[in-house]
Amino acid sequence: MKNTITSIFDMNIKPEYLFIHLDAADNMDAIKQMAVNLAKQGVVKNSFIPAVLERERIFSTGLQFDETGIAIPHTDTQHINSSAISIAILKKPVTFQAMGMPDSKVNVEIIFMLAIKTAHGHIKFLQTLMNQLQNKVILHNLINSTSKKLLINNFKSLFNKEN
């Protein structure tokens, strides 16, 4: 199957959108760094930055997968110019509130920031991502990517596997 993330979900993933060993003081700092970068790249409008931070304050996106925590911050489509994903492997874990469980905390090592232009695109993309991240090997490979090129290849491989 020759499909890539771009053809399946109409999304872009480029080295400019990725961070290896992002140094962040806390979850909001990590989200802000990623959002500012997407705005500088022209992927999102400047309104995306406060919108994604506010959405995270209200509906946190931390998820626990075995020993590893992930977060998937995103916001409404009106703040997005073109669909893309930014991924950050953190230098050290930061704490997020668990999705749907405000009293639970998750130590997040990798963040997938979604900028999806179509509303229905979120659901399909998230379902596929969640299914693939259940595999410990896949998640381990993503977190241990040592270059942006390797991270892109490991990420794209998630969507080329048969479920």
Side-chain angles (χ1 to χ4, degrees), residues 5 8-13 17-19 21-39 43-80 82-145 151 154-159 161 163:
I5 185 72
I8 294 172
F9 296 103
D10 236 3
M11 291 179 65
N12 291 306
I13 182 168
Y17 308 159
L18 308 179
F19 297 87
H21 304 298
L22 178 69
D23 194 9
D26 58 28
N27 64 333
M28 291 299 171
D29 182 41
I31 292 170
K32 185 174 182 182
Q33 287 185 58
M34 295 173 76
V36 165
N37 182 60
L38 286 178
V43 172
V44 298
K45 299 172 184 170
N46 286 333
S47 62
F48 180 87
I49 300 164
V52 74
L53 289 166
E54 182 60 20
R55 188 187 186 287
E56 189 66 31
R57 278 187 200 69
I58 297 168
F59 303 107
S60 189
T61 61
L63 293 166
Q64 188 67 48
F65 284 84
D66 291 316
E67 301 97 35
T68 303
I70 70 164
I72 311 173
H74 56 282
T75 194
D76 299 324
T77 59
Q78 75 244 27
H79 304 289
I80 297 161
S82 60
S83 293
I85 184 163
S86 175
I87 304 172
I89 301 168
L90 301 175
K91 185 174 181 177
K92 61 183 186 305
V94 296
T95 304
F96 277 71
Q97 288 181 332
M99 187 183 292
M101 300 182 332
D103 294 331
S104 295
K105 306 291 183 202
V106 177
N107 287 323
V108 169
E109 294 183 66
I110 188 167
I111 300 172
F112 301 91
M113 179 173 283
L114 307 183
I116 300 178
K117 185 87 174 131
T118 58
H120 70 277
H122 278 95
I123 296 167
K124 184 177 179 185
F125 179 83
L126 285 170
Q127 286 174 334
T128 303
L129 183 64
M130 293 298 99
N131 286 338
Q132 293 297 338
L133 292 179
Q134 299 293 326
N135 183 319
K136 290 181 190 180
V137 173
I138 289 172
L139 193 51
H140 180 268
N141 288 343
L142 284 167
I143 291 171
N144 290 292
S145 297
L151 181 56
N154 286 335
F155 185 75
K156 284 184 175 182
S157 74
L158 295 178
F159 298 92
K161 297 183 185 309
N163 291 341

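Partner of Phe96 under the side-chain contact (heavy atoms from CB on, under 4.5 Å) criterion, chosen from Asn27, Asn107, Ile70, Asp26: Asn27.
Taken from OG1 in Thr95 to CD in Gln97, the straight-line distance is 10.5 Å, to the nearest 0.5 Å. Interatomic distance, Ile111 CD1 to Ile89 CD1, rounded to the nearest 0.5 Å: 11.0 Å.
The shortest distance between side-chain heavy atoms of Arg55 and Thr61 falls below 4.5 Å. Contact annotation: the side chain of Met130 approaches that of Phe65 to within less than 4.5 Å [non-hydrogen atoms, C-beta and beyond]. Two residues are said to be in side-chain contact when any heavy atoms from C-beta on lie closer than 4.5 Å; Ile110 and Ile87 meet this criterion. Taking 4.5 Å as the limit, some side-chain heavy atom of Ile13 sits within range of a side-chain heavy atom of Leu18.
Shortest non-hydrogen contact noted between Val44 and Ala115 is CG1-CB, 3.8 Å. Contact record, Ser82 with Ile80: O-CG2, 3.4 Å, taken as the closest heavy-atom pair. Minimum heavy-atom separation, Ala39 to Asn46: CB-OD1, 3.8 Å.
Within the structure, the salt bridge (Lys or Arg N to Asp or Glu O under 4.0 Å) test picks out no pair touching residues 102-112 (sequence neighbours left out).
Side-chain atoms of Lys117 never come within 3.5 Å of backbone atoms of Ser83 as a donor-acceptor pair (strictly under, hydrogens ignored). In this structure, the side chain of Ser145 engages the main chain of Asn141 through a donor-acceptor pair within 3.5 Å. A donor-acceptor pair under 3.5 Å is absent between the side-chain atoms of Gln127 and the main chain of Leu129, judged by distance alone. The closest donor-acceptor contact from the side chain of Ser86 to the backbone of Tyr17 lies under 3.5 Å.
Evaluation of the salt bridge (charged side-chain N to carboxylate O under 4.0 Å, His left out) rule for Asp23 yields Lys92 as partners, not counting sequence neighbours.
For Asp29, the CG atom sits in a packed shell: over 12 heavy atoms of surrounding residues, nucleotides or ligands are nearer than 6.0 Å.
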Q.
As a quick check of understanding, evaluate side-chain contact (heavy atoms from CB on, under 4.5 Å) for Leu158 and Thr128, giving each step before the final call.
A. CA-CA 8 Å; Leu158 295 178; Thr128 303; over 6 Å; no
